[in-house]
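Read the numbers this way: they start at 1 and go in the same order the structure lists the ligands and their atoms.
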Amino acid sequence: MRIFLAGAGGAIGRRLVPLLLEGGHHVVGTARAEEGVTRLRALGIEAVRVDALDADALRRAVRDAAPDALLHQLTDLSGADGAANGRLRREGTRNLIDAARAVGVSRIVSQSISWAYVGGTAPAGEDEPLDLDAPLPRGGMVGAIATLERISGELPEAVVLRNGLLYGPGTWYAPDGPVAAALRGEPAGPFLASLTANAAVSSFVHVDDAAAAVVAALDWPAGPVNIVDDEPAAARDWLPVLAATVGAPAPSPSDASSDAPAALWERGASNTLARSRGWGPRRASWRTGLMINPA
Ligand SMILES: NC(=O)c1ccc[n+]([C@@H]2O[C@H](COP(=O)([O-])OP(=O)(O)OC[C@H]3O[C@@H](n4cnc5c(N)ncnc54)[C@H](OP(=O)(O)O)[C@@H]3O)[C@@H](O)[C@H]2O)c1
């Protein structure tokens, strides 16, 4: 299959490229800078320099690639700037789908997140609604995700992968990443200011398992699918283990620790649907993946 990989140099994109090549696909990947283009060519794929916020340039790039399918792995998170990321999710997705429609591409696999669901008492399944009425700042993030998913769905064969918190090389949870830095007492970005060992439940997934899901999803029916490991966990359980692994002091429980309930949306997600389609995480739990062998 000819694949247009938007965001080939990102945390998932980099791990995805070798899997696509192993699968016999022809890949055209995007990067915004010449150094990124050079890095992608060194991985053995075609590369095109393009900014997804430039609609005309993106349309030309997709037309020239003549793809059978698009993979949307665009995020703008390296600067921990929620507004920039929201803009890319809205406008970048709009431009990508317009470019796809202009050349008659009907299949896309888009990257979404698994922590945008409404509140509940158990890990969320895909049939539950997104938390569109959430107050800011969460509401802004959920709104951008909902827009990304809705625009992606304009293509008849759109699969949306709702990933858990990504860990592994190049992610915020890598030993050299910002979460470990925050645990060691170094300055934390705005997204990390509330890193507390409380009852908030998250689902994790290793970047390699997320990348494998993208390849599998090329054959899946349209719709959203959670891509998470088997063990949603409370911060009071996983944070101390991560701290010990990266040589940081154990975080002290927050005021909202132990007995106090988390926000209702902090519930994790279920991977039952993905498993029913044949995908399963090689790192079934953050306990063995996140903490012991993050690479
Ligand atoms: N998935 C989530 O929602 C989520 C949530 C919390 C934290 N995180 C963390 O976020 C980090 C993501 O890092 P990352 O390395 O993937 O970096 P990133 O800065 O988020 O970039 C991801 C990809 O998007 C591309 N991109 C960004 N803006 C673009 C634009 N305007 N036009 C075209 N392409 C654009 C980048 O291209 P270039 O190669 O040109 O830079 C790159 O390929 C990870 O550490 C992860 O742990 C993710």
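Using a 4.0 angstrom heavy-atom cutoff, Val50 counts as in contact with ligand 1. Not a single heavy atom of Gly13 lies less than 4.0 angstrom from ligand 1. At least one heavy atom of Gly170 sits less than 4.0 Å from an atom of ligand 1.
Taking a cut-off of under 4.0 Å to the non-hydrogen atoms of Gly9, the atoms of ligand 1 that pass are 43 (O).
Taking 4.0 Å as the cut-off between side-chain N and carboxylate O, Asp131 and Arg138 count as a salt-bridged pair. Ion pairing between Arg60 and Asp64 fails under the 4.0 Å rule for side-chain N and carboxylate O. Under a 4.0 Å N-O distance rule, the pair Glu149/Arg89 does not qualify as a salt bridge.
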Show me, pair by pair, the donor-acceptor contacts under 3.5 angstrom made by side chains of residues 2-9, not counting sequence neighbours?
unit_1 : atom_1 : unit_2 : atom_2 : d
Arg2   : NE     : Ala65  : O      : 3.0
Arg2   : NE     : Ala66  : O      : 3.3
Arg2   : NH2    : Ala65  : O      : 2.8

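Residue Arg282 places its CZ atom among 12 or fewer non-hydrogen atoms of other residues, nucleotides or ligands, all under 6.0 Å distant.
Of the heavy atoms in Gln111, only side-chain atoms (C-beta onward) come closer than 4.0 Å to ligand 1. Contacts between Arg89 and ligand 1, counted as non-hydrogen atom pairs separated by less than 4.0 Å, involve the side chain only.
In this structure, of Ile12, Leu77, Asn163, the residue bringing a heavy atom nearest to atom 10 (O) of ligand 1 is Leu77. Between atom 26 (N) of ligand 1 and the options Leu165, Asp76, Ile145, Thr75, the minimum heavy-atom separation is to Thr75.
Between Tyr173 and Trp286, the distance from one ring center to the other does not fall under 6.0 angstrom.
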After noting the C-alpha distance and the side-chain angles of Trp238 and Phe204, does the key distance pass the ring pair (Phe, Tyr, Trp, His ring centres under 6.0 Å) rule? CA-CA 10 Å; Trp238 64 261; Phe204 286 93; 5.0 Å; yes
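Remark: the His72 side chain and the Ser152 side chain contain no N/O donor-acceptor pair separated by less than 3.5 Å.
Close N/O approach between Ala52 and ligand 1 is found [any backbone or side-chain N/O within under 3.5 Å]. Ligand 1 has an N or O atom lying under 3.5 Å from an N or O atom of Trp172, backbone or side chain. The shortest N/O to N/O separation between Tyr173 and ligand 1 does not fall below 3.5 Å.
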